[in-house]
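What follows is a single structure, written as structure tokens, with notes after it.
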Amino acid sequence: STTLSATSTIVGTLTLRTATSSRTFIAADSESARGAMLRTAVSEMTASSTLVISPGVFDIGANVLSIPAYSSFIGSGQYSTVIKSQGLLETQGPIVQPTTNNTISDLSVIGTLTSSTYQAAIGWNFDGGLSRRNILIRDVYMEAGTDALYFMDYPGRNNQVTCINCKARTLWDALATFENDPAALGSLDLLMIDPDFATTGNHPLNRSLSRAFTIGHYGTTTIIGGKLYAENAVAGNASAEALNIVGSDEFTTTVKVFGTSIEIGVASSTNAKSISAAGPFDLQLEAVSASTTRLNIDTGGGGTVTGYV
């Protein structure tokens with residue numbers, strides 16, 4: 001096991017369990033020093049290892065973390081272990097990047113950039129040469145300027161993610177999924193249990209958009225319970241969409257929603273929609289709470305709706 005001990009009571013131990021390694025680190029009492037030690041520990045992770053991170057703030061600077069296959073990345077509480085980063089989504093990817101058969105739990109991931117840049121807390125935007133299967137994200141708080149969860153689906157990949165009891169706060173999309181090439185599909189099956197995802201809009205890159213969930217991939221997204229919330233008080237044609245579904249001529253997006261509260265902020269413009277859907281889609285609703293006067297569901301492009309709000 002690899003153990004990171006701190007000289008203050010803020011941080012206890014950071015333990016990396018593998019079949020062969022055993023190291024101990026002493027960290028200075030600063031966020032950046034703890035972040036450097038965390039990066040070192042992650043670099044030493046191998047397949048089928050478990051990294052347990054103590055309470056404290058770990059600032060990894062302008063870097064991101066990739067978790068090896070069949071490994072777990074475990075904090076000491078959703079708000080107790082805090083990972084901060086200035087990593088860029090476009091060039092580096094999300095701050096914490098699963099590969100396959102990973103568990104990420106009990107911590108916070110926070111992007112600290114506030115300028116006109118893209119940042120995401122957890123997910124992937126590069127192919128990586130593999131299908132990302134059996135990804136479990138549980139009891140995690142995510143905060144970033146543009147995106148919290150970000151998944152880019154690549155041709156031939158069959159991805160599967162479960163997210164349980166997670167909370168996200170952003171200025172643009174709290175969850176964003178896309179197809180890299182709609183004409184050469186992969187797939188993503190996404191299960192969201194008790195999400196608390198909210199976005200407030202007014203990000204410098206696009207002040208007019210605010211979307212809690214924007215779903216634009218081939219596969220099935222299932223949402224059980226929880227709350228999706230979007231607001232955008234920017235003057236003019238600003239848009240807030242709590243659930244945004246975007247189908248494509250090449251594929252149908254399937255979304256199933258059970259017992260979820262889908263809300264928009266009262267300060268948002270008249271363009272705000274609790275549910276917006278277009279293109280080929282299959283939307284299934286059961287016991288969903290949403291404003292029926294703020295729906296924009298266009299079935300003319302091949303969309304179908306079953307159930308009610």
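None of these values were measured; they are calculated from a predicted model. The figures that follow rest on heavy atoms only: side chains count, while hydrogens, waters and symmetry mates do not.
For the residue pair Asn134 / Asn101, a side-chain donor-acceptor distance below 3.5 Å is found, with atom types taken as modelled. Counting only N and O atoms by type, the side chains of Asp282 and Gln284 include a donor and acceptor under 3.5 Å apart.
Side-chain atoms of Thr170 do not come within 3.5 Å of backbone N or O of Ala144 as any donor-acceptor pair. A donor-acceptor pair under 3.5 Å links the side-chain atoms of Arg34 to the main chain of Val57, judged by distance alone. In this structure, Ser105 contributes its side chain and Ile74 its backbone to no donor-acceptor pair below 3.5 Å. Between the Asp189 side chain and the Thr220 main chain, a donor and an acceptor come within less than 3.5 Å of each other. Side-chain atoms of Thr81 come within 3.5 Å of backbone N or O of Ser76 as a donor-acceptor pair. Between the side chain of Thr99 and the backbone N or O of Ile67, at least one donor-acceptor pair lies under 3.5 Å. In this structure, the side chain of Gln97 engages the main chain of Gln92 through a donor-acceptor pair within 3.5 Å. The main-chain N or O of Glu231 is found under 3.5 Å from a side-chain atom of Ser210 such that the two form a donor-acceptor pair. One N or O on the side chain of Gln119 and one on the backbone of Gly87 form a donor-acceptor pair closer than 3.5 Å.
The CG atom of Leu205 lies 7.0 Å from the OG1 atom of Thr117; values are rounded to the nearest 0.5 Å. To the nearest 0.5 Å, atom OG1 of residue Thr260 and atom CG of residue Leu285 are 9.5 Å apart. A distance of 6.0 Å separates CD of Glu263 from OG of Ser289, quoted to the nearest 0.5 Å. Taking CG of Asn63 as the start and CD1 of Ile83 as the end, the distance is 12.5 Å to the nearest 0.5 Å. The OG1 atom of Thr254 lies 9.5 Å from the CD1 atom of Ile245; values are rounded to the nearest 0.5 Å. For the atom pair OG1 of Thr146 and CG of Leu113, the computed distance is 9.5 Å after rounding to the nearest 0.5 Å.
When all heavy atoms of Cys166 and Phe197 are compared, the pair lying nearest together is O-CE1, 3.6 Å. In terms of heavy atoms, Leu89 sits closest to Phe126 at O-CZ, 4.4 Å. Of all heavy-atom pairs between Glu179 and Met152, the closest is C-SD, 3.9 Å. Across Pro195 and Leu228, no two heavy atoms sit closer than the pair CG-CD2, 4.2 Å. Here the closest non-hydrogen pair linking Glu250 and Leu185 is O-CD1, 4.0 Å. Nearest heavy-atom pair, Asp139 versus Gln78, reported as atom, atom and distance to 0.1 Å: C-NE2, 3.2 Å.
The cluster map of Ile, Leu, Val, Met, Phe, Trp and Tyr, joined by side-chain heavy atoms under 4.5 Å apart, puts Ile297 and Val257 in the same cluster. Note on Val305: it clusters hydrophobically with Val255, by side-chain heavy-atom contacts below 4.5 Å among ILVMFWY residues. One hydrophobic cluster, built from ILVMFWY side chains closer than 4.5 Å, cannot hold both Leu190 and Tyr154; they sit in different ones. Taken together through direct or relayed side-chain contacts under 4.5 Å among Ile, Leu, Val, Met, Phe, Trp and Tyr, Ile60 and Met45 form part of one hydrophobic cluster. By the criterion of side-chain heavy atoms lying less than 4.5 angstrom apart, applied directly or through intervening Ile, Leu, Val, Met, Phe, Trp or Tyr residues, Met142 is not grouped with Leu191; the two fall into different hydrophobic clusters.
A side-chain hydrogen bond (donor to acceptor under 3.5 Å, both in side chains) with Asp153 is found for one member of Asn180, Asn158, Asn159, Thr177 and no other, namely Asn159.
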Exercise. Determine, step by step, whether Leu209 and Asp173 satisfy the side chain to side chain contact (heavy atoms under 4.5 Å, CB included) criterion, reporting the C-alpha distance in whole Å, the side-chain angles of both residues, the deciding distance to 0.1 Å, and the verdict.
Key: CA-CA 8 Å; Leu209 279 181; Asp173 294 327; 5.9 Å; no

Quiz item: Between Trp124 and Phe151, does a ring-ring contact (aromatic ring centres under 6.0 Å, His included) hold up when you go through it step by step?
Solution: CA-CA 5 Å; Trp124 62 84; Phe151 303 120; 4.8 Å; yes

Practice problem: Please report the C-alpha distance between Ile223 and Ile262 in whole Å, then the side-chain angles of each, then the deciding distance to 0.1 Å, and finally whether the side chain to side chain contact (heavy atoms under 4.5 Å, CB included) criterion is met. | Solution: CA-CA 11 Å; Ile223 308 166; Ile262 303 176; over 6 Å; no

Quiz item: Yes or no on side chain to side chain contact (heavy atoms under 4.5 Å, CB included) for Ser71 and Asn102, after CA distance, side-chain angles and deciding distance?
Solution: CA-CA 5 Å; Ser71 295; Asn102 296 133; 4.2 Å; yes

Practice problem: List the steps, then state whether side chain to side chain contact (heavy atoms under 4.5 Å, CB included) holds for Tyr150 with Asn125. | Solution: CA-CA 7 Å; Tyr150 187 100; Asn125 64 335; 3.5 Å; yes

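Between Phe251 and Tyr218, the ring planes are perpendicular. Angles over 60° get that label, and only those under 30° would be called parallel. Classification of the Trp172-His203 ring pair by plane angle, with boundaries at 30° and 60°, yields tilted.
Using a 4.5 Å cut-off on side-chain heavy atoms (C-beta onward), Leu149 and Ile137 make contact. At least one side-chain heavy atom of Arg169 sits under 4.5 Å from a side-chain heavy atom of Tyr141. Side chains of Leu136 and Arg138 form a contact here, defined as non-hydrogen atoms less than 4.5 Å apart. Using a 4.5 Å heavy-atom threshold, the side chains of Phe73 and Leu65 count as touching. Counting heavy atoms from C-beta on, the side chains of Thr221 and Thr253 never come closer than 4.5 Å. For the pair Thr100 and Ser131, the minimum side-chain heavy-atom distance is 4.5 Å or more. Using a 4.5 Å heavy-atom threshold, the side chains of Ser274 and Leu295 count as touching. Between Glu241 and Asn296 the shortest side-chain heavy-atom distance does not fall below 4.5 Å.
For Pro280, the side chain to side chain contact (heavy atoms under 4.5 Å, CB included) criterion is met by Thr252, not counting sequence neighbours.
Listed by first then second residue, pairs satisfying salt bridge (Lys or Arg N to Asp or Glu O under 4.0 Å) with a partner in residues 45-70 number zero, not counting sequence neighbours.
With salt bridges taken as basic N to acidic carboxylate O contacts below 4.0 Å, none links Asp127 and Arg132.
More than 12 heavy atoms of other residues, nucleotides or ligands lie within 6.0 Å of CZ in Phe178, so this atom counts as buried by the packing criterion. Counting non-hydrogen atoms of neighbouring residues, nucleotides and ligands closer than 6.0 angstrom, the CZ atom of Arg39 reaches no more than 12 such neighbours.
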